[in-house]
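Report on the structure given below.
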Amino acid sequence: MSLIDWLVLSVTLLFIILYGTWKSRGTKNIQGYLLADRKLPWYHVGLSVMATQASAITFLSAPGQGYSDGLRFVQFYFGLPLAMIVLCVTFIPIFHKLNVYTAYEYLEKRFDNKTRSFTALLFLFQRGLSTGITIYAPAIILSTILGVDVFYTIIFNGLVVIAYTVYGGTKAVSYTQVLQMSIIFGGLFLAAYMVIHLLPADVSFVDALHIAGKMNKLNAIDTNFDLNNRYNIWSGIIGGFFLQLSYFGTDQSQVGRYLTGSSVTQSRLGLIMNGLIKIPMQFFILLIGVLVFTFYQFHQPPVFFNEVERTKIENSVYKEDYKKLENRYQLAHHEKQIEVKGLVTALHHKDEKAIDASRIKLQEADLKTKNIRTEVTSLMKKNDAKADVNDTNYIFLSFVTKQLPIGVVGILIAIIFLAAMGSTASGLNSLASTTVVDFYKRIFKKEGSDEKYLFASRWATVLWGLFCIIVAFYASRLGNLIEAVNILGSLFYGTILGIFLVAFYLKQVGGAAVFYGAILAEVFIIYAWIVDLTAFLWLNVIGCLLVMIFAFVIQLFLDNRKLNI
């Protein structure tokens, strides 16, 4: 990056951090630290909810997902609006009425201590791992830009976010997230404009979409019902509904955001705002990735987008083999450029026969480049068994740093860092609040002062931050980060949601039944994931239903046993 880009990046980040710390000054009690005194308006709640979900992973991995797999990932969010409706009707009024700090406090009132503790532990484990992955994402950026090992950038990024979150708490997180989302929206439109602007002069936006469509990248809707297909309309609406309902309804990183609302109405409006904007926003981010794919049909992309791994193989004993593969890739891509130009000409002349012929040739040329890339990754693994051979997370970053003009690079990198700060800070804040409220305050220090609980919350933030840094060291092995986070969530969210739905709707079921039912359901979900029983979105549905069924059956058994006694 240029000096101007570094200046833009530094000023933007510094301004956001200073603004957040200034707005959070004077926080002296646990309610102010964890829930921002419950005084935030609906638009604040909505933007904070969106910023918590829209991590750096969204802006690094989602365009890469669009580049490699098209638009079909957008179906993952189709269940979101339905989930927002259920949350507004059921979850929000209950949480506000009980005046809870965390969602899991309700479970003790409804069931017992062990159910509350088990559910809180599931959340802490899942959120701790997920937050570690969100620390890894921006560390990739610094690693790529500076050309240093990602190990050092993980430590730097993790310590910065820990310090920022420890000082300001929820109030700092919420206020900065409003500014973050405003800058992020502007940056996304700028990125889309720049991609279109960099296309050849004779290739319009419509032409770019046609080219992407002919190469199967505009696959936004898949109506085929297939349990093994990760993304189709059915898994998105049904599985996505259960995942989003659990995420927004039972994950403290999100519950803590809308509990900051000044009233039930303000919290509801914030979630409705999220439900209306999230799908178009995600579609737009994926579309940017598709446009980047089209751009690289006319320009030579790197054979592998992860520059660090590329440098390793270039300096290894296999450097001559790699050079041959790189030369073959350049020739294959040159053939593809000829075919894509032929497709553009056919599109301009509206010659359907020529369009079909060009499409087939282009897809064949594209397959050649993919096969060469596979050979490259195999060579990388041969050189280093631990090599990170999934470069999806580096595609958009490579495009931004190599193709965009001075100044714009700094803005877009700042956007990714802002997203990282928002989601990681929310994650750490929710981990701290759950640790202090659901364990420390209830078990170890029942009669402590507000100052002691505030002190404990800050220390919990530090400890969880260090845990997340350790997790980040292993995140490179997980492949596409946006998929990894959602797969990880699907292993636990169904069970957690099932516990809450039993609490809300199966009034005859007691604590013992739901506790053992949840354990059985979670064991089955882990097993189903290990044996790859079905696509991960369906695990949310299965886990939730199993908890409800097991809890109901166990309660019948317990009731019959009492009658017999």
Side-chain angles (χ1 to χ4, degrees), residues 50-51 53-81 137 181 183-200 203-223 230-233 236 240 274-299 301 305 340 343-344 347 359 362 366 391-404 408-409 411-413 415-416 419 480-483 486:
M50 292 179 66
Q53 191 178 24
S55 67
I57 295 171
T58 303
F59 301 101
L60 276 182
S61 294
Q65 183 78 9
Y67 180 100
S68 59
D69 198 34
L71 297 175
R72 71 192 191 112
F73 183 73
V74 75
Q75 296 170 110
F76 170 83
Y77 295 95
F78 282 2
L80 178 62
M181 289 308 298
I183 297 171
I184 284 168
F185 281 129
L188 286 175
F189 284 107
L190 177 61
Y193 168 78
M194 290 306 305
V195 179
I196 297 168
H197 177 72
L198 291 170
L199 291 170
V203 178
S204 67
F205 173 66
V206 175
D207 291 333
L209 293 181
H210 276 300
I211 293 167
K214 299 302 178 186
M215 299 186 74
N216 301 319
K217 298 297 180 181
L218 299 185
N219 50 346
I221 304 293
D222 183 355
T223 58
R230 284 186 174 182
Y231 308 116
N232 56 52
I233 195 169
N274 176 62
L276 292 175
I277 297 177
K278 181 61 182 180
I279 295 177
M281 173 183 163
Q282 198 64 43
F283 177 87
F284 188 60
I285 295 171
L286 289 167
L287 183 61
I288 290 173
V290 170
L291 291 173
V292 170
F293 172 83
T294 306
F295 168 84
Y296 277 126
Q297 304 314 299
F298 298 95
H299 301 82
F305 284 96
V340 77
L343 177 58
V344 171
L347 288 169
R359 174 180 58 80
L362 182 58
D366 187 53
D391 63 346
T392 310
N393 302 314
Y394 294 84
I395 292 171
F396 186 59
L397 178 60
S398 176
F399 171 78
V400 167
T401 54
K402 298 292 192 300
Q403 304 296 334
L404 297 188
V408 176
V409 176
I411 292 173
L412 292 178
I413 297 299
I415 285 170
I416 298 173
N480 184 277
L481 296 180
I482 197 165
E483 282 195 319
N486 289 309

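Residue numbers count from 1 along this sequence. All values derive from a computational prediction rather than experimental measurement.
Contact annotation: the side chain of Leu71 never approaches that of Lys217 to less than 4.5 Å [non-hydrogen atoms, C-beta and beyond]. You'll find the side chain of Leu218 reaches within 4.5 Å of the side chain of Leu209, heavy atoms only. Taking 4.5 Å as the limit, some side-chain heavy atom of Gln75 sits within range of a side-chain heavy atom of Asp222. Between Ile288 and Phe189 the shortest side-chain heavy-atom distance does not fall below 4.5 Å. In this structure, Tyr67 and Phe396 have side chains that are not in contact, with every pair of non-hydrogen atoms separated by 4.5 Å or more. The closest side-chain heavy-atom distance from Pro81 to Ile279 is below 4.5 Å. Within the 4.5 Å cutoff, the side chain of Gln282 has no heavy atoms near those of the Phe76 side chain. Using a 4.5 Å cut-off on side-chain heavy atoms (C-beta onward), Leu199 and Asp207 make no contact.
Tyr296 and Phe305 have their aromatic ring centers within a separation under 6.0 angstrom.
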May I have the step-by-step check of side-chain contact (heavy atoms from CB on, under 4.5 Å) for Leu198 and Phe399, ending in yes or no?
CA-CA 11 Å; Leu198 291 170; Phe399 171 78; 4.0 Å; yes
Between Ile221 and Val74, is a side-chain contact (heavy atoms from CB on, under 4.5 Å) present by the stated rule, with each step listed?
CA-CA 8 Å; Ile221 304 293; Val74 75; 5.8 Å; no
Let's go through Thr223 and Asn232 carefully: what are the C-alpha distance in whole Å and the side-chain angles of both, what is the deciding distance for side-chain contact (heavy atoms from CB on, under 4.5 Å) to 0.1 Å, and is it a yes or a no?
CA-CA 6 Å; Thr223 58; Asn232 56 52; over 6 Å; no
Stepwise side-chain contact (heavy atoms from CB on, under 4.5 Å) test for Val344 and Phe298
CA-CA 11 Å; Val344 171; Phe298 298 95; 3.9 Å; yes
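Scanning all heavy atoms of the two residues, the minimum distance from Val290 to Gly66 falls at CG2-O, 3.6 Å. Nearest heavy atoms, Leu286 versus Ala62: CD2-O, 3.3 Å. Of all non-hydrogen atoms in Leu291 and Ala208, the two that sit nearest each other are CD2-CB, 4.1 Å. When every heavy atom of Gln65 is checked against every heavy atom of Thr392, the shortest pair comes out as N-CG2, 3.8 Å. Taking every heavy atom of both residues into account, Ile395 and Val292 meet most closely at CG2-CG1, 4.4 Å.
Aromatic ring pairs are classed by plane angle as parallel below 30°, tilted from 30° to 60° and perpendicular above 60°; the pair Tyr77 and Phe73 is perpendicular.
Here CD of Gln297 is found 8.0 Å from CD1 of Ile211. Values are rounded to the nearest 0.5 Å. Annotation: the span from His197 atom NE2 to Phe205 atom CZ amounts to 16.0 Å, rounded to 0.5 Å. Atom CE in Met215 sits 4.0 Å away from atom CG in Leu362 (nearest 0.5 Å).
In this structure, the salt bridge (charged side-chain N to carboxylate O under 4.0 Å, His left out) partners of Asp366, at least two apart in sequence or on a different chain, are Lys336, Lys370.
No donor-acceptor distance shorter than 3.5 angstrom exists from the side chain of Ser398 to the backbone of Tyr394, with no hydrogens or angles considered.
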